Number of protein chains: 2
Amino acid sequence: MAEMTSMPRERITARQQSILKLIVQEYVASGRPVGSKTLTERYNVGVSPATIRNEMAELELLGFVQQLHTSGGRVPTDHGYRYFVHHLMGSPELPSGDQIMIRHQFRQVEVQLDQWVEFAASVLAETAGTVSIVTAPRTVVARLRHFELISLQPQLALLILVTQESAVRQMMLHLPTVHDQVQLSRVADTLVPRIRGLSSDEIAERIPGTSEVMAWVLEHVVTGLRGLDSVDRTQVRHSGIENILGEPEFAGADAQYVLELLRGGTLLSAVLPALTSGDDVQVFIGDENPADALRRFGVVMASYGIDGEVTGILGVLGPTRMSYWRSISSVRYMARLMSDLMEDLYSA
Amino acid sequence: MAEMTSMPRERITARQQSILKLIVQEYVASGRPVGSKTLTERYNVGVSPATIRNEMAELELLGFVQQLHTSGGRVPTDHGYRYFVHHLMGSPELPSGDQIMIRHQFRQVEVQLDQWVEFAASVLAETAGTVSIVTAPRTVVARLRHFELISLQPQLALLILVTQESAVRQMMLHLPTVHDQVQLSRVADTLVPRIRGLSSDEIAERIPGTSEVMAWVLEHVVTGLRGLDSVDRTQVRHSGIENILGEPEFAGADAQYVLELLRGGTLLSAVLPALTSGDDVQVFIGDENPADALRRFGVVMASYGIDGEVTGILGVLGPTRMSYWRSISSVRYMARLMSDLMEDLYSA
DNA sequence: GATTAGCACTCTCTCAACGGGAGTGCTAAC
DNA sequence: GTTAGCACTCCCGTTGAGAGAGTGCTAATC
């Protein structure tokens, strides 16, 4: 079964192709094994059930479909899905109406990274009709653009960091001594030009040789920047669990399992290494998944952002019996949209 | 059934009380109707099953318990739960070990409102073992403390608002003309002292009579402040859906219903008007719920914050058959904790 | 030679029947 | 007032029959 991960090379006839296509479509829609008779009834293939049966038997021999029980209908194998995705599905593009609508919705949202990530997750879940997951983009290494100090109480200040990539972070800062807004502004005005454009490590080297407050502030600037270096767990959003609760595959306990996958980070850490930086969508079906925990699922993922600068990951997770057309077109479009948004933010 | 919302006044004997208590506890734990025999087997009541049966018949007459089917075990009624909560449960307090642990965890989290709200939701879900919901605190009316302008691109700036209550909001600002950081800082320095302490409406009146950029900036300060006036939809967090997925009450489709309640805001808008500002936890059981949509659930809610200044709501939602002890103690403690955190922020 | 009609067969799914188990109310004895 | 015993009720898991859908095979047809 290991060599199943390679692309199928078998030649099958045009009629077999169209039958396979119908089986996949029908099974995805109904969730029940597909028989020869239902096929002739529901679609107008030009041939009789008997002919379909012969072709089905052949398709089964080649490993594209499978019988769950003797004399039950056929169900696509992972292999069959893969063939469908590669050769029969066509090029999945979201209807341009949907594209415009989504882009418009994003204009309504407050221009802020957090919001985008969360919103992307919910839009993706809805258009794909499955569970979605989106990580906040991660810069290779965060560099400071600006920071501000705002006095909240005599010994408590708000520190606001802005990176080159316009990621923003706020932190409370308990000060060692009493300072008012004027003093704090002076501290910021002095420090900012000296550390602009530097990474956390570079700033850390310069801490010595400044006053007590300044050292204190710098120290927290460094920790704050460090936090922006790596993917933050709270910055991974998922959405759309309700979409799979109805599916027969996920009766009760299995939905819990999916939540585990999403929340525990299993999905991400499993998929991450397999995600080549090739700029298109990647599809993992059943057995092909890089982790055993995902063997029963279909996963469609893409990275977004600007190569070498900021990159994030987004994608969907569903039963192997999912609409790959919807999923792929949705993921592809969302990745493109998020990349565009990053471009807007980053191009200085 | 409407008068059921009032507190039960019936006098029942001490033995009936302890039997009712056992029925509630056993039913909450097992989920199956409780019979006289199981009770004597599992707990050592000093009497025989027959006696228990007599007492149960009496309890049923009084409306505390109910038989779902003839000759099935007994199940508490909403009335019975209410009596249990009021008279039999004792005073629910989280074990002090848990209290310390939770408070400690909050120290680890970044000091930021968003984070607190999200974290509170997840902690509450876990300790209560149900679905939780937490709203961000809302100020009666937001008043500006400070704002900053940070240049991102020649015509794009980041506007950071800080309210008196230390709520922070960032917004992207497309500028009508080109400005650099120095110019923007000057704008901020000029405006801040003139509008400090004012609400959005008060600032709106002063817009005329300033330069083009200033008017532009002020306009956005006003919209930004307005956003902080009201509860933001994205600022309502819930957590713990996985906790109810396993329960027999929520096989499949019903879990979707709960998600609807949480996300659509039905829960909040139903419970909000009924939440008197009395500072303790409020419990709605089944029929007592202010909205029909919640009739099958138990809801435990409390408001937190500082009266008249900042208030938010938090609570849990579960099947009527839920552990009210756990829920109430968790909600009570979290409300207290969040209030303390608000106090720290607000006391200037 | 490919296609199709017909047929016997297999397997799942639904539904009714059934018996064990748990619980009840009642009566009579303690 | 409490309890043992008993007849009765109802749920629930199992079983078995029949309907429905699907299959493979063979023989006839285009």
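Residue numbers start from 1 in every chain, and the chains themselves are labelled A, B, ... in the order their sequence lines are given, proteins ahead of strands. It should be emphasised that the depicted structure is a prediction, and the values quoted were computed from it without experimental measurement. When reading the values below, keep in mind they use all heavy atoms of this one structure, side chains included, and skip hydrogens, waters and symmetry mates.
- Atom CZ of R74(B) is separated from atom C1' of dT24(C) by 7 Å (rounded to the nearest Å).
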**OP:** Tell me, with the steps shown, if R326(A) and V316(A) meet side-chain contact (heavy atoms from CB on, under 4.5 Å).
**Re:** CA-CA 10 Å; R326(A) 271 183 85 181; V316(A) 302; over 6 Å; no

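- For the atom pair CZ (F297(B)) and CE (M322(B)), the distance works out to 11.5 Å, reported to the nearest 0.5 Å.
- Less than 4.0 Å separates DNA chain C from at least one heavy atom of each of the following residues of residues 65-73 of chain B: Q67(B), S71(B), G72(B), G73(B).
- Atom NZ of K21(B) and atom CD of Q16(B) lie 15.5 Å apart (nearest 0.5 Å).
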Using atom names, set out every protein N or O paired with an N or O of nucleotides 1-6 of chain D below 3.5 Å, distance rounded to 0.1 Å.
unit_1	atom_1	unit_2	atom_2	d
dT2(D)	OP1	R15(B)	NH1	2.9
dT2(D)	OP2	R15(B)	NH2	2.9
dT3(D)	OP2	S48(B)	N	3.1
dT3(D)	OP2	S48(B)	OG	3.4
dT3(D)	OP2	T51(B)	OG1	2.4
dT3(D)	O5'	S48(B)	OG	3.4
dG5(D)	O6	R53(B)	NH2	3.4

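- Under 4.0 Å is where a charged nitrogen must lie from a carboxylate oxygen, and between R263(A) and E242(B) at least one such pair does.
- Put simply, CD1 on I23(B) is 15 Å from C1' on dA22(C), counting in whole angstrom units.
- Checked against the 6.0 Å centroid threshold, F64(A) and Y83(A) count as a close aromatic pair.
- Taking the six-membered ring for Trp and the full ring otherwise, Y324(A) and F84(A) have centroids separated by 6.0 Å or more.
- Counting to the nearest Å, the P atom of dA21(D) and the OH atom of Y27(A) are 18 Å from each other.
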Original post:
Hey, mind stepping through E26(B) and Y43(B) against side chain to side chain donor-acceptor pair (under 3.5 Å) and telling me if it holds?
Top reply: CA-CA 10 Å; E26(B) 179 65 19; Y43(B) 306 86; 2.7 Å; yes

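- If you take CZ on R332(B) and OG on S327(B), they are separated by 12.0 Å, rounding to the nearest 0.5 Å.
- Between atom OG of residue S330(A) and atom CG of residue L94(A) there is a gap of 5.0 Å, rounded to the nearest 0.5 Å.
- Atoms CG and OG1, on L59(B) and T13(B) in that order, are 7.5 Å from each other to the nearest 0.5 Å.
- Remark: G35(B), S36(B), K37(B), T38(B) in residues 31-40 of chain B come within less than 4.0 Å of DNA chain C through at least one heavy atom.
- One interatomic measurement links the two molecules: CD of E58(B) to C1' of dT24(C), which rounds to 16 Å at whole-angstrom precision.
- In this structure, E41(A) atom CD and dG20(D) atom C1' are separated by 12 Å, rounded to whole Å.
- Residue Q17(B) qualifies as enclosed at atom CD: its count of foreign heavy atoms under 6.0 Å is above 12.
- Following rounding to the nearest Å, L59(A) (CG) and dT23(D) (C1') show an atom-to-atom distance of 15 Å.
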